[in-house]
Amino acid sequence: MLLEMQQRLGERIRAVLKEKYDLEIASIPLETPPDLRLGEIATPVAFELARTLRKAPRAIAQEIVAALGSAPHAIDGFAGFEVAGAGYINARLDRAAAVRDVAGELTAFAKSLASSPRGHVLVEHTSINPNKAAHIGHLRNAILGDTFVRLLRAAGYRVDVQNYIDNTGVQVADVVVGFLDLLKLSPDEVRTVVPATDRLLRGGGQKGIDYYCWDLYARTSQWYELGSDEEKAARKKVRLDTLHLIEQGGNETAEVAELISTAVLRRHLETMQRLSIEYDFLPRESEILHLHFWDAAFEQLKQTGVLYFETEGKNKGCWVMSRTGSPAEPAQNQTGPAGGAEDDDGRKDADEDAKVIVRSNGTVTYVGKDIAYHLWKFGLLGRDFGYKRFFQYPDHECWISAEQGEAEHPHFGGATAIYNVIDSRQADPQANVIQALRGMGYTDQADHYTHFSYEMVALTPRCAEELGYSVTEEDKKKPYIEVSGRKGFGVKADDLIDKLIAEVQPLVNEKQAASPESVRTGIARQIAIGALRYFMLKYTRNSVIAFDFKDALSFEGETGPYIQYAVVRIRNIFRKGATSAEAVFAELAELASQQVSESASQPTGVLYQGTTSVVPSEKRNDDGALAPEQSNLAAFLSGEENEDIWALWLRAGRFSLVLEQCVAASEPAYLAKHAFQLAQEFANFYHRHHILTEEDPRRKTFLLATAAITLRELVRSLELLGIESPEAM
RNA sequence: GGGCGAGUAGCUCAACUGGAUAGAGCAUCAGCCUUCUAAGCUGAGGGUUCCGGGUUCGAGUCCCGGCUCGCCUACCA
């Protein structure tokens, strides 16, 4: 509702400016006044115009307001306009009309989405190295990514979700070395041990192969640093040889790597499924290598001159890409093949700062492979993966890349826009890929390539000590310490989820003592997940989360359970009142239609004797710009003691505005905030107005409708945050 | 050295991208359960928005100069 009203007002003001002053303003700044009493929408546009029009802002504002009230500009849904302060224009909504709008918004929203699909988007998130258990840092990535996917879908985009699997990297090699060289198992033994270990550990209440590898990975990393220099060198060589065998494929070591990484990957998918996070496709690095994606990309990169062969300096013998300082620098591709930077003397020199893409030994770097992968994402590579079914979700399948896939498969890639959910430390390599695309002439694709960047999750020193890690004096002084898979330093995702559940379960058992155990465990799970997802989403992206169990295990205040609790309270009202949201909306519609006829014969603002809500509209109308109240619906919405009710409807009507802001700014936290504020305003309303004991039947209907609209919006928002709305708690 | 990000209440964070009196949650203190669930509500205290300049009707937000902190900056992958 509010989004549409803002757009409508903006358009009208533009028309007024054009007509009165012959001014074209691209977009009228629209905001929310600091206080509801000032109105619902405000614009400071008069300030901007003061200079060009050589008039006082207040005078301009008054002229605009006068024009907005007059015939050709009068706007549906607005009750009046006022000038306030030094020149703000404040608009008041027709509250009764707004309420009718909000109540019918769900169907209107669905229709508008169906009529205007918005394109094919690809979101990559999670992307955990398949060599150890997922930790809290990965949780932030996956939860942010999954929530953003939900937001995009709600906004009308077709979205494919990808989880990139680096199954041939050094991290996987390290675990393979751990099995084969540290534990000295034969490949055959690994083949029997890995699945057995998984079953054994999970049967015994442990978490399985991912947990086992967590420790083994940390041990192996330490093992490289132990012993004499010769031993160390030998171990490093084993590591490198193992890596090369894995990259190459078609050998026993690669088979072992595949076995381990696939087993760990399955565990990751199971962990994420606990959080309602699902994927459509898992592209793996092994296929990017074996299907020679790089070769195709290399040709394009050479032809467009993005890559050049360095003949001087430290990068001699490499294929490199020069780095542009500013991404805004235009027409990089028009300079043709660069021969190295030219300095002030005009002397050709090696560009030492250039990014190496192909090493002098002929191997390609990670960025190179990433460029190839992203050409594929946009459908520009001319090659495709093979596809195999991999993981079954309740209502769809997740596919994985394969050298030889199944004959029938869905098509992935070829997106018009992509989002990569990757932490901010990867900003540089991401920028390199974008720069390469731009350099190749794919400017449109480069413009629709978004690095959805976020800051890491770190541990507070206190938290690290709680977990039993030894913390150095130096680290104790820091606000937070970076987690490290290599050191085995961090909080595992499944552990955190389990801990959350263990924390709420007693509470649920106490409050829902009458419910069967299966119901109670279900509720505990919903609350735990709600707490976790909300915790990861309430922070804006570029704020470092200094993880602390105290905050993460909290169920009070600005948390998921607080919002869930509001939902449960509303559901209880409907249960006790033996009615439903649908029935109440129908009654509200009736109420709204009745008064049109009644209002003609009724004196302004007085429709129902005995309600305390009737306040003459002139009372808060200094400028006389406000239209007279017309209905008893409006009567319920006016007056000091009903401001909280109107605030709730208004907040409910913000949804589409918030959704657009989230998508435009790639910022799910805005929706998290919105949901919390709505719940908070409801709690306020809940304590001030007792619904079921309300004696005036019409007012009772209206209060019920207010609860119903809150419920609808809370559930809708929580769903986009990936948080379930419990029936009881 | 260069690049990116951050610095706001005791703590953790917001502030609709330049707008009106800088807001929440924790924590502290004082109240509210015979009502639709107290996972809640009401109230109080708590601020030189790191420092110094500048831009303008208007700056936590923009520009310049400092200070502090974090991350990135390998022909490893």
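Order of the sequence lines sets the chain letters (A, B, ...), proteins ahead of strands, with each chain counted from 1.
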Fill in: Side chain A/S554 and base B/C26 donor-acceptor under 3.5 Å
no
Worksheet, complete the sentence: Checking B/A77, B/G19, B/C75 against the side chain of A/S360 (C-beta onward), the nearest is B/C75
Item to complete: May I ask you to check if A/K499 and A/F549 form a cation-pi contact, with NZ or CZ under 6.0 angstrom from the six-membered ring centre and within 45° of the axis?
Response: yes
Worksheet item: A/I545 has an atom CD1; how far is it from atom P of B/C11, in whole Å?
Response: 19 Å
Discussion item. Is there a side chain to side chain donor-acceptor pair (under 3.5 Å) between A/Q505 and A/N509? Walk through the geometry before answering.
Written reply: CA-CA 6 Å; A/Q505 193 68 67; A/N509 290 345; 3.1 Å; yes
Discussion item. Students often get this wrong, so: under 4.0 angstrom with heavy atoms, is A/K511 touching a base, only sugar-phosphate, or nothing?
Written reply: base
Item to complete: Quick one: label A/T693 by what it contacts on the DNA or RNA (base, sugar-phosphate, nothing), any heavy atom closer than 4.0 Å.
Response: nothing
Worksheet item: Is A/K236 touching bases, backbone alone, or none of the nucleic acid, heavy atoms closer than 4.0 Å?
Response: nothing
Worksheet item: When you check the phosphate oxygens OP1 and OP2 of B/C36, does a side-chain N or O of A/R575 lie under 4.0 Å from one of them?
Response: no
Discussion item. Between A/E694 and A/H689, is there a side-chain heavy-atom distance shorter than 4.5 Å?
Written reply: no
Worksheet item: Which of these nucleotides, B/A77, B/C57, B/A20, is closest to any side-chain atom of A/P33?
Response: B/A20
Worksheet item: A/M729 side chain: which of B/G40, B/G25, B/A39 is closest?
Response: B/A39
Worksheet item: How is A/L243 classified with respect to the nucleic acid when contacts are heavy atoms under 4.0 Å: base, sugar-phosphate, or nothing?
Response: sugar-phosphate
Discussion item. Please pick, from B/G40, B/U35, B/A39, the nucleotide with the shortest atom-to-atom distance to any side-chain atom of A/H690.
Written reply: B/U35
Worksheet item: So which nucleotide from B/G40, B/A39, B/U17 ends up closest to the side chain of A/A665?
Response: B/U17
Worksheet item: Picking from B/C36, B/G19, B/A39, which would you name as closest to the side chain of A/E31?
Response: B/G19
Practice prompt. Would you mind classifying the nucleic acid contact of A/A431 as base, sugar-phosphate or nothing, using non-hydrogen atoms under 4.0 angstrom?
Written response: nothing
Response to the item:
With the side chain defined as heavy atoms from C-beta on, A/K550 is closest, among B/G40, B/C26, B/A77, to B/C26
Item to complete: Return yes when atom NZ of A/K487 has more than 12 non-hydrogen atoms of other residues, nucleotides or ligands closer than 6.0 Å, and no otherwise.
Response: no
Discussion item. OP1 or OP2 of B/C76 versus the side-chain N and O atoms of A/R359: is any pair under 4.0 Å?
Written reply: yes
Worksheet item: Quick one: does A/N315 reach the base of B/A74 with a side-chain donor-acceptor pair under 3.5 Å?
Response: no
Practice prompt. Report yes if a side-chain nitrogen or oxygen of A/N542 is closer than 4.0 Å to either non-bridging phosphate oxygen (OP1 or OP2) of B/A6; otherwise report no.
Written response: yes
Response to the item:
Here the distance between atom C1' of B/A15 and atom NE2 of A/H674, to the nearest Å, is 17 Å
Discussion item. Over all strands shown, is A/N90 touching base, sugar-phosphate only, or nothing at heavy-atom distances under 4.0 angstrom?
Written reply: base
Worksheet item: With rounding to whole Å, what would you report as the distance between B/C71 and B/A9 at their P atoms?
Response: 23 Å
Worksheet item: Under a 3.5 Å cut-off for both distances, is B/U21 Watson-Crick or wobble paired, and to whom?
Response: none
Worksheet entry | Side-chain H-bond candidate by donor/acceptor type, A/S424 with A/E455, under 3.5 Å | yes
Worksheet, complete the sentence: Comparing A/R654 with A/A728, nearest RNA chain B nucleotide closer to 5' gives the residue A/R654
Worksheet entry | A/E558 side-chain proximity, nearest of B/C75, B/A24, B/A77 | B/A24
Worksheet item: A/Y454 and A/N141: side-chain donor and acceptor closer than 3.5 Å?
Response: yes
Practice prompt. Give the nucleotide from the list B/G25, B/U12, B/C75 with an atom nearest to the side chain of A/F676.
Written response: B/G25
Worksheet item: With sugar-phosphate meaning primed atoms plus P, OP1 and OP2, does A/G169 contact a base, only sugar-phosphate, or nothing at under 4.0 Å between heavy atoms?
Response: sugar-phosphate
Worksheet item: Using atom P of each nucleotide, how far apart are B/U49 and B/G23 to the nearest Å?
Response: 13 Å
Fill in: OP1 or OP2 of B/G25 under 4.0 Å from side-chain N/O of A/K538
no
Discussion item. Over all strands shown, is A/Q6 touching base, sugar-phosphate only, or nothing at heavy-atom distances under 4.0 angstrom?
Written reply: nothing
Worksheet item: Would A/Y164 and A/N420 count as having a side-chain donor-acceptor pair, cut-off 3.5 Å?
Response: no
Worksheet item: Just checking A/I527: base, sugar-phosphate only, or nothing, at a heavy-atom cut-off of under 4.0 Å?
Response: base
Worksheet item: With sugar-phosphate meaning primed atoms plus P, OP1 and OP2, does A/F47 contact a base, only sugar-phosphate, or nothing at under 4.0 Å between heavy atoms?
Response: base
Worksheet item: Heavy atoms under 4.0 Å, any strand shown: does A/Q171 hit a base, just sugar-phosphate, or nothing?
Response: nothing
Item to complete: Look at all strands and tell whether A/H451 reaches a base, only sugar-phosphate, or nothing, counting heavy atoms closer than 4.0 Å.
Response: nothing
Worksheet item: Within the stacking criterion (centroid distance below 5.5 Å, interplanar angle below 30°), does A/Y562 stack on B/G40?
Response: no
Worksheet item: Does A/Q680 place a side-chain N or O at less than 4.0 Å from the phosphate oxygens OP1/OP2 of B/G25?
Response: yes
Worksheet item: Atom CG of A/L507 to atom P of B/A38: distance rounded to whole Å?
Response: 14 Å
Worksheet entry | Nearest-angstrom distance, C1' atom, B/G45 to B/C33 | 26 Å
Fill in: Donor-acceptor contact below 3.5 Å, side chain A/R486 vs main chain A/S221
no
Practice prompt. Report which part of the nucleic acid A/D551 touches: base, sugar-phosphate, or nothing (heavy-atom distance under 4.0 Å, all strands).
Written response: nothing
Worksheet item: Does A/V567 offer a backbone N or O that forms a donor-acceptor pair with the side chain of A/S725 under 3.5 Å?
Response: no
Worksheet item: Given the C1' atoms of B/A59 and B/A22, what is the spacing between them in whole Å?
Response: 12 Å
Item to complete: Give one of base, sugar-phosphate or nothing for A/R688, where a contact means two heavy atoms less than 4.0 Å apart.
Response: nothing
Worksheet entry | ring pair (Phe, Tyr, Trp, His ring centres under 6.0 Å) against A/Y686, all qualifying residues, sequence neighbours excluded | A/F682
Worksheet, complete the sentence: Under a 4.0 Å heavy-atom criterion, the protein footprint on nucleotides 67-72 of chain B, written with B, S and -, is ---SSS
Discussion item. Closest-nucleotide mapping onto RNA chain B: is A/I89 or A/H689 further toward the 5' terminus? I mean the 5' end.
Written reply: A/I89
Worksheet item: Is there side-chain contact between A/Y88 and A/T43, with heavy atoms separated by less than 4.5 Å?
Response: no
Discussion item. What's the closest nucleotide to the side chain of A/E556 if the choices are B/C41, B/A39, B/C75?
Written reply: B/A39
